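Down below is the structure, laid out as structure tokens.
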Amino acid sequence: PPPLGLIDNGQGEPAVIVDWSRDHPALKLAGLDQLEIVKSRKTGIAPDSPVRAIASDQLNLPAIAEITDAATHAIVVPFDPADTNWPFQTGFVLFLAGAITHLSDTGPLTETIRPGETLSERLPLGAADARIVLPDNTRHDLVPAPDGRVAYGPIRSRGIYTLSWSGPASPTDVQVDGRNRRALAANLLDPEESDIGTRAKLSLASREVAAQAEASPSLNRKLWPYLLLAALAVAMLEWFIYNRKVHV
């Protein structure tokens with residue numbers, strides 16, 4: 001992905017995190033006070049960029065950053081977790097869970113496509129040198145139509161497809177190295193399949209089944225427990241009568 005203002009100045013010295021946003025959904029249970037970083041990264045934040053540090057090390061350098069703009073919402077951990085003791089702590093799992101929940105709940109609404117479909121986007125008028133980058137980093141040149149629309153397909157794999165071009169950009173596009181970028185996600189999510197709410201009607205292959213508000217259940221009840229109780233009652237009655245005769 002584009003850097004978007006997070007600067008990497010190379011490998012740093014061993015570090016510990018001394019300050020972080022304790023109310024951040026991804027960090028409040030991450031156990032950063034026990035985190036020991038053997039190989040850190042010297043990172044910086046460019047001015048006027050959509051990057052903010054949500055955790056800092058002892059040198060006041062960003063240790064964990066969050067990037068938020070019109071097209072991107074990401075939490076960046078610049079160091080390798082394998083060079084820390086974090087993966088052996090429960091806080092690492094809680095960090096991943098909190099980060100996924102936070103990004104999926106509050107991330108920007110990005111356009112999505114499904115494998116098998118054709119990617120079709122309208123670029124601003126005057127866009128030139130259009131290009132699409134596939135999830136495997138394969139690049140293909142595109143020629144915008146007179147109305148600015150470009151198409152590519154069919155989409156054969158899941159992942160992020162990045163459109164880039166030179167010229168004007170819309171307010172939601174990101175500019176990196178003089179080129180405008182727009183990311184689109186191809187996945188298998190289906191709103192119909194993900195809807196687990198109750199349905200008034202369910203369409204099957206052979207018929208349509210309608211839900212019933214009130215229905216008396218029809219159950220197959222076993223009779224042998226009741227017959228056994230009846231036999232036990234008869235046996236108890238005979239035992240009672242027999243004991244009354246003996247007593248008299």
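As the structure is a prediction and not an experimental result, all values here were calculated from the model. Nothing fancy with the numbering, it's 1 onward along the sequence.
Listed for the Gln34 side chain is no donor-acceptor partner under 3.5 Å among the backbone atoms of Gly31. Judged by distance alone, with hydrogens and angles left aside, the side-chain atoms of Glu117 form no donor-acceptor pair with the main-chain N or O of Ala186 at under 3.5 Å. A donor-acceptor pair under 3.5 Å links the side-chain atoms of Thr84 to the main chain of Pro81, judged by distance alone. Within the 3.5 Å criterion, the main-chain N or O of Phe240 finds no donor-acceptor partner in the side chain of Asn243. Side-chain atoms of Ser40 come within 3.5 Å of backbone atoms of Glu13 as a donor-acceptor pair (strictly under, hydrogens ignored). For Thr101 (side chain) and Gly98 (main-chain N/O), no donor-acceptor pair under 3.5 Å exists by modelled atom type.
Taking Glu208 as the reference, Ser203 meet the side-chain hydrogen bond (donor to acceptor under 3.5 Å, both in side chains) condition, with sequence neighbours excluded. For Phe79, there are no ring-ring contact (aromatic ring centres under 6.0 Å, His included) partners at least two apart in sequence or on another chain. Listed by chain and number, the residues in a salt bridge (Lys or Arg N to Asp or Glu O under 4.0 Å) with Asp8 are Arg41 (sequence neighbours excluded). With sequence neighbours left out, Arg122 forms a salt bridge (Lys or Arg N to Asp or Glu O under 4.0 Å) with Asp147. Annotation: side chain to side chain contact (heavy atoms under 4.5 Å, CB included) contacts of Ala53 (sequence neighbours excluded): Ile45, Ser56, Pro62. For the salt bridge (Lys or Arg N to Asp or Glu O under 4.0 Å) test, no residue two or more places apart in sequence or in another chain qualifies with Arg158. Among residues two or more places apart in sequence or in another chain, the ring-ring contact (aromatic ring centres under 6.0 Å, His included) test is passed with Tyr161 by none. By the side-chain hydrogen bond (donor to acceptor under 3.5 Å, both in side chains) test, Gln175 pairs with Asn180, sequence neighbours left out.
Between the side chains of Thr162 and Arg182, no donor N or O sits under 3.5 Å from an acceptor N or O.
Residues Val18 and Val16 have side chains in contact (heavy-atom distance under 4.5 Å, counting atoms from C-beta outward). Taking 4.5 Å as the limit, every side-chain heavy atom of Ile160 sits out of range of all side-chain heavy atoms of Leu184. Considering only heavy atoms from C-beta on, Arg207 comes within 4.5 Å of Val209 through its side chain.
Heavy atoms only, all atoms of each residue included: Ser21 and Arg52 are closest at OG-NH1, 4.3 Å. Here the shortest heavy-atom pairing between Trp86 and Phe92 reads O-CB, 3.1 Å. Closest of all the heavy-atom pairs between Ser170 and Pro124 is N-CG, 3.8 Å. When every heavy atom of Asn187 is checked against every heavy atom of Pro115, the shortest pair comes out as O-CD, 3.2 Å. Here the shortest heavy-atom pairing between Leu6 and Ala65 reads CD1-CB, 4.2 Å. Ser157 and Pro135 get closest at one heavy-atom pair: OG-CG, 4.2 Å.
Applying the ring-ring contact (aromatic ring centres under 6.0 Å, His included) test to residues at least two apart or on different chains, the pairs with a partner in residues 122-152 are His140-Tyr152. For residues 6-29, the ring-ring contact (aromatic ring centres under 6.0 Å, His included) pairs, not counting sequence neighbours, are His24-His102. Sequence neighbours left out, the pairs with a member in residues 123-138 that pass side-chain hydrogen bond (donor to acceptor under 3.5 Å, both in side chains) are Asp129-Arg179, Asp136-Thr138.
The cluster map of Ile, Leu, Val, Met, Phe, Trp and Tyr, joined by side-chain heavy atoms under 4.5 Å apart, puts Ile37 and Leu96 in the same cluster. Val150 and Val133 fall into different hydrophobic clusters, where Ile, Leu, Val, Met, Phe, Trp and Tyr side chains are chained together by heavy-atom contacts under 4.5 Å. Under the 4.5 Å side-chain heavy-atom criterion for ILVMFWY residues, no single connected hydrophobic cluster contains both Val93 and Ile17. Linking Ile, Leu, Val, Met, Phe, Trp and Tyr whenever their side-chain heavy atoms come within less than 4.5 Å puts Leu142 and Leu134 in one cluster.
The only member of Ile64, Asp57, Asn85 that meets side chain to side chain contact (heavy atoms under 4.5 Å, CB included) when paired with Leu35 is Asn85.
Remark: Thr43 OG1 to Ile7 CD1 distance equals 9.0 Å, nearest 0.5 Å. Residue Leu32 holds its CG atom at 5.5 Å from CG of Leu27, rounded to the nearest 0.5 Å. A distance of 5.5 Å separates CG of Leu29 from CG of Leu94, quoted to the nearest 0.5 Å. Distance check: Ile54 CD1 to Glu66 CD gives 5.5 Å after rounding to the nearest 0.5 Å.
The local environment of CG in Asp23 is sparse, with at most 12 non-hydrogen atoms from other residues, nucleotides or ligands closer than 6.0 Å. More than 12 non-hydrogen atoms from other residues, nucleotides or ligands lie less than 6.0 angstrom from CG of Asp33.
With side-chain heavy atoms closer than 4.5 Å counting as contact, directly or through intermediates, the hydrophobic cluster containing Leu61 also holds Leu59.
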